[in-house]
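Predicted model, so just to flag it, every value in this text is computed and none were measured. We count residues from 1, following the sequence as given.
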Amino acid sequence: MDIWEKLYNDAIRVQNSRQISPFIDAGGVAAAILSKSGNIYVGVCIDTCSTLGVCAERNAIMNMITNGEHRIDKVVAVMPDGRVGSPCGACRELMMQLDKNSGDIEILVDYNSRKTVTLSELMPDWWGKERFENN
């Protein structure tokens, strides 16, 4: 089993699409993150009627931060149909703000071929780069 299969399976394990209440759905999308230290963190999307929800990737990132880490190596997001997909703009932005080397984060965009892109490929002219250079 390669690392992408492990991350994919860990995300699928928590996906479990479900209705929490008449206002909240959860688990349509799931994500798994491999930290630079080798730990895996997972999360599911939580969709609410009042826009207070959170994407699966940001949920996994918050889980990682809660556990004392902030550097990401790899990301997998599993859509409701089982395919993998790219993080949304808000998730990309949060990942970029975590670390000066976040542009190197690998994101799986095709499970079967194991095609990946880097976060910097998705955000080539990120606005905050200079702040890291000045610290």
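- Partners of S120 by side-chain hydrogen bond (donor to acceptor under 3.5 Å, both in side chains), not counting sequence neighbours, listed by chain and number: T118.
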Quiz prompt | I61/L98 under side chain to side chain contact (heavy atoms under 4.5 Å, CB included): CA gap, chis, key distance, verdict | solution = CA-CA 10 Å; I61 291 166; L98 288 172; 4.1 Å; yes
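- With contacts defined as side-chain heavy-atom distances shorter than 4.5 Å, the pair N112/D110 qualifies.
- Note that CG of N101 is 12.5 Å distant from CD1 of I72, once rounded to the nearest 0.5 Å.
- When every heavy atom of C55 is checked against every heavy atom of R58, the shortest pair comes out as SG-NH2, 3.1 Å.
- Residues I65 and V75 are members of one and the same hydrophobic cluster, defined by side-chain heavy-atom contacts under 4.5 angstrom among Ile, Leu, Val, Met, Phe, Trp and Tyr.
- Of all heavy-atom pairs between A56 and V29, the closest is CB-O, 3.4 Å.
- For the atom pair CD (E5) and CD1 (I12), the distance works out to 11.5 Å, reported to the nearest 0.5 Å.
- Minimum heavy-atom separation, A32 to I40: CB-CG2, 4.4 Å.
- Cluster annotation: V109 and Y111 are assigned to distinct hydrophobic clusters (Ile/Leu/Val/Met/Phe/Trp/Tyr, side-chain heavy-atom contacts under 4.5 Å, transitive).
- Donor-acceptor pairing under 3.5 Å is recorded for the side chains of N63 and N67.
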Pair up each side-chain donor or acceptor in residues 86-97 with any protein partner under 3.5 Å, not counting sequence neighbours, and list the distances.
| unit_1 | atom_1 | unit_2 | atom_2 | d |
| --- | --- | --- | --- | --- |
| R92 | NE | P87 | O | 2.7 |
| R92 | NH2 | P87 | O | 3.2 |
| E93 | OE1 | W126 | NE1 | 3.1 |
| E93 | OE1 | W127 | NE1 | 3.2 |
| E93 | OE2 | Q97 | NE2 | 2.7 |
| E93 | OE2 | W126 | NE1 | 3.1 |
| E93 | OE2 | W127 | NE1 | 2.8 |

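- Linking Ile, Leu, Val, Met, Phe, Trp and Tyr residues whenever their side-chain heavy atoms come within less than 4.5 Å leaves M79 and V76 in two separate clusters.
- Between D10 and K6, at least one side-chain N (NZ, or NE/NH1/NH2) sits under 4.0 Å from a carboxylate O, which counts as a salt bridge.
- Atom CG of D81 has more than 12 neighbouring heavy atoms from other residues, nucleotides or ligands inside a 6.0 Å radius.
- Atom CZ of R13 has more than 12 heavy atoms from other residues, nucleotides or ligands within 6.0 Å.
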Practice problem: Evaluate the side chain to side chain contact (heavy atoms under 4.5 Å, CB included) criterion for residues V44 and N16: first the C-alpha distance (whole Å), next the side-chain angles of each, then the deciding distance (0.1 Å), finally the verdict. | Solution: CA-CA 9 Å; V44 298; N16 186 27; over 6 Å; no
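- Cluster annotation: Y8 is not connected to I107 through the hydrophobic network of ILVMFWY side chains, with a link wherever side-chain heavy atoms come within less than 4.5 Å.
- A pairwise comparison of heavy atoms in C49 and P22 identifies SG-O, 4.3 Å as the closest pair.
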Practice problem: List the steps, then state whether side chain to side chain contact (heavy atoms under 4.5 Å, CB included) holds for I20 with D25. | Solution: CA-CA 6 Å; I20 303 297; D25 292 321; over 6 Å; no
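- Y41 and E69 share a donor-acceptor pair across their side chains, judged by distance under 3.5 Å alone.
- Residues D2 and R114 have side chains in contact (heavy-atom distance under 4.5 Å, counting atoms from C-beta outward).
- Put simply, the side chain of I46 reaches to within 4.5 Å of the side chain of I24, judged on heavy atoms.
- Two residues are said to be in side-chain contact when any heavy atoms from C-beta on lie closer than 4.5 Å; E106 and W4 meet this criterion.
- The shortest non-hydrogen separation linking I33 to L7 is C-CD2, 4.1 Å.
- Contact between A11 and A31 at its shortest, heavy atoms only, is CB-C, 3.9 Å.
- One hydrophobic cluster, built from ILVMFWY side chains closer than 4.5 Å, cannot hold both M64 and V78; they sit in different ones.
- No side-chain heavy atom of K74 sits less than 4.5 Å from a side-chain heavy atom of I105.
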